[in-house]
Amino acid sequence: MQTKILYEDNYIMVVHKPAGIAVQAGRVGQADVESELKNYLAVKGGGQAVSGKGPNLGIVHRLDQPVEGLLVFAKTPKAAAALNSQLAGDSFCKDYLAVVCGKPEPKKQVLTDYIKKEGGVAKVCPLPAAGGTAPLEPLKTGKPGIPKKAVLSYEVLMTKSVEEKEISMLAVRLRTGRFHQIRVQLSHAGYPLLGDAKYGSETSRKLSQSLQVRNAALCAVHLLFYHPVTGEKKEYTVSPKQPVFTFLYA
């Protein structure tokens with residue numbers, strides 16, 4: 001099993017997802033975290049069974065396939081509902097480390113954009129005027145897209161020169177949870193993630209190839225929430241496995 005289980009009880013599972021594996025497979029035969037964990041629970045005999053579907057396992061939040069990091073899954077419907085309620089509020093905290101092309105200025109900033117999903121890509125839309133709403137742009141299907149507000153904060157931890165270019169490590173905190181949010185917001189700000197084939201620039205792609213960064217240089221390193229049954233504070237931290245993160249410290 002590629003996914004590492006960090007904590008498990010009768011209600012939740014906390015895992016470390018590796019980069020390159022989807023949380024939920026989009027096609028038959030594709031490896032994914034959900035299937036790995038369900039197979040594990042089926043063999044172990046854990047989780048509440050759902051008729052005809054094997055052990056119950058609720059996906060509370062997701063990470064993109066090329067992104068590494070922490071995830072919590074619910075093993076009962078009630079646990080899933082309680083965690084989803086926290087996710088919609090302020091008691092569920094997710095922090096990331098990212099390696100980007102460039103040196104962001106200022107060193108600390110809050111990015112606010114309006115993002116819409118079009119096909120499998122997120123796009124940044126113009127900010128609405130004060131008191132107004134974000135403009136709706138037609139999709140290829142002819143149906144209007146619905147831009148959603150996306151907010152994150154970042155802090156530059158370090159910057160290093162590589163091949164006459166600069167790369168930086170950022171601490172990122174999500175304030176909202178949108179499709180491909182960190183990747184598209186940082187790219188739109190001019191600081192694309194290394195290893196991000198979808199939202200990268202020509203410069204970031206060349207640096208990624210030179211540094212052999214094969215997946216998005218983004219890791220969900222810190223997760224904080226409250227146990228859905230006991231109310232106990234649960235907090236987890238992991239270190240990124242991708243070599244580009246340790247390269248910055250060298």
Side-chain angles (χ1 to χ4, degrees), residues 2-3 16-36 61-71 94 96-104 111 113-125 137 139-140 145 147-148 150 152 154 156 159-172 174 176-221 238-248:
Q2 299 180 63
T3 306
H16 184 174
K17 180 188 102 63
I21 181 172
V23 172
Q24 191 174 44
R27 60 181 183 272
V28 177
Q30 180 183 2
D32 66 279
V33 175
E34 181 188 36
S35 297
E36 286 192 340
H61 59 123
R62 300 171 185 265
L63 291 172
D64 300 339
Q65 183 168 335
V67 177
E68 173 194 359
L70 289 163
L71 290 166
K94 296 177 287 183
Y96 296 74
L97 286 179
V99 180
V100 301
C101 184
K103 182 180 180 181
L111 298 180
D113 295 292
Y114 276 78
I115 294 175
K116 72 171 183 176
K117 180 181 177 182
E118 186 172 314
V121 178
K123 294 185 177 181
V124 173
C125 302
E137 298 178 17
L139 298 175
K140 293 179 181 178
K148 296 181 179 179
L152 65 77
Y154 74 75
V156 180
T159 299
K160 187 171 185 174
S161 295
V162 179
E163 299 177 4
E164 299 183 349
K165 305 291 182 182
E166 290 181 309
I167 62 174
S168 301
M169 185 185 296
L170 313 183
V172 180
L174 276 179
T176 55
R178 306 303 183 202
F179 180 72
H180 293 178
Q181 180 178 336
I182 295 175
R183 298 164 64 189
V184 71
Q185 278 196 279
L186 289 177
S187 179
H188 180 72
Y191 310 109
L193 291 168
L194 293 188
D196 193 341
K198 185 165 286 189
Y199 299 103
S201 64
E202 182 179 352
T203 300
S204 70
R205 291 188 181 99
K206 287 181 179 179
L207 278 174
S208 300
Q209 184 175 11
S210 178
L211 295 171
Q212 298 184 353
V213 183
R214 297 183 175 86
N215 284 292
L218 180 64
C219 181
V221 294
V238 295
S239 297
K241 301 296 184 184
Q242 286 207 68
V244 68
F245 288 92
T246 52
F247 168 77
L248 275 165

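- Here the closest non-hydrogen pair linking Phe247 and Lys160 is O-NZ, 2.9 Å.
- In this structure, Gln242 and Glu68 approach most closely via the heavy-atom pair N-OE1, 4.0 Å.
- For Gln181 (side chain) and Arg178 (main-chain N/O), a donor-acceptor pair under 3.5 Å exists by modelled atom type.
- Here the shortest heavy-atom pairing between Leu97 and Ala171 reads CD2-CA, 4.2 Å.
- Not a single donor-acceptor pair under 3.5 Å links the side chain of Ser204 to the backbone N or O of Leu194.
- Leu170 has its side chain within reach of Leu186: a pair of non-hydrogen atoms, C-beta onward, lies under 4.5 Å apart.
- A distance of 6.5 Å separates CG of Leu174 from CG of Leu152, quoted to the nearest 0.5 Å.
- Looking at Gln185, its side chain does come within 3.5 Å of a backbone N or O of Ala150 through a donor-acceptor pair.
- Residues Ile21 and Gln65 are not in side-chain contact: their nearest non-hydrogen atoms beyond the backbone lie 4.5 Å or more apart.
- Not a single donor-acceptor pair under 3.5 Å links the side chain of Ser161 to the backbone N or O of Glu164.
- Taking the ring axis of Tyr114 as reference, the NZ or CZ atom of Lys148 does not stay both within 45° of it and closer than 6.0 Å to the ring centre.
- For the pair Ser168 and Gly102, the tightest heavy-atom approach, listed with the atom from each and the gap, is OG-O, 2.6 Å.
- In this structure, Val23 and Glu34 have side chains that are not in contact, with every pair of non-hydrogen atoms separated by 4.5 Å or more.
- In this structure, the side chain of Lys94 does not engage the main chain of Gly177 through any donor-acceptor pair within 3.5 Å.
- When all heavy atoms of Pro243 and Thr246 are compared, the pair lying nearest together is O-OG1, 2.8 Å.
- In this structure the side chain of Val221 never reaches within 4.5 angstrom of the side chain of Leu70, judged on heavy atoms.
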With side-chain contact (heavy atoms from CB on, under 4.5 Å) as the criterion, how do His180 and Asp64 come out once you've worked through the C-alpha distance, each side chain's angles and the decisive distance to 0.1 Å? CA-CA 7 Å; His180 293 178; Asp64 300 339; 3.1 Å; yes
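- Contact between Pro66 and Asn215 at its shortest, heavy atoms only, is O-CB, 3.4 Å.
- Between Tyr154 and Pro104, some side-chain heavy-atom pair lies under the 4.5 Å cut-off.
- For the pair Val99/Phe245, a side-chain contact is recorded, criterion being any heavy-atom separation below 4.5 Å from C-beta on.
- The number of heavy-atom neighbours closer than 6.0 Å to CZ of Arg205, taken from other residues, nucleotides and ligands shown, is above 12.
- At distances below 3.5 Å, at least one donor-acceptor pair connects side-chain atoms of Asp32 with backbone N or O atoms of Ser35.
- Looking at heavy atoms from C-beta onward, Thr159 lies out of side-chain contact with Ile167 at the 4.5 angstrom threshold.
- With hydrogens and angles left out, the side-chain atoms of Arg62 and Gln24 include a donor and acceptor closer than 3.5 Å.
- Lys117 contributes no side-chain N or O that, together with a main-chain N or O of Val121, makes up a donor-acceptor pair within less than 3.5 Å.
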Does the pair Tyr96 and Ile182 meet the rule for a side-chain contact (heavy atoms from CB on, under 4.5 Å), with working shown? CA-CA 9 Å; Tyr96 296 74; Ile182 295 175; 3.6 Å; yes
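- A distance-only check finds a donor-acceptor pair linking the side chain of Ser208 to the backbone of Gly195 [under 3.5 Å].
- The shortest distance between side-chain heavy atoms of Lys206 and Glu163 does not fall below 4.5 Å.
- Environment of NZ in Lys165: sparse, with no more than 12 heavy atoms of neighbouring residues, nucleotides or ligands closer than 6.0 Å.
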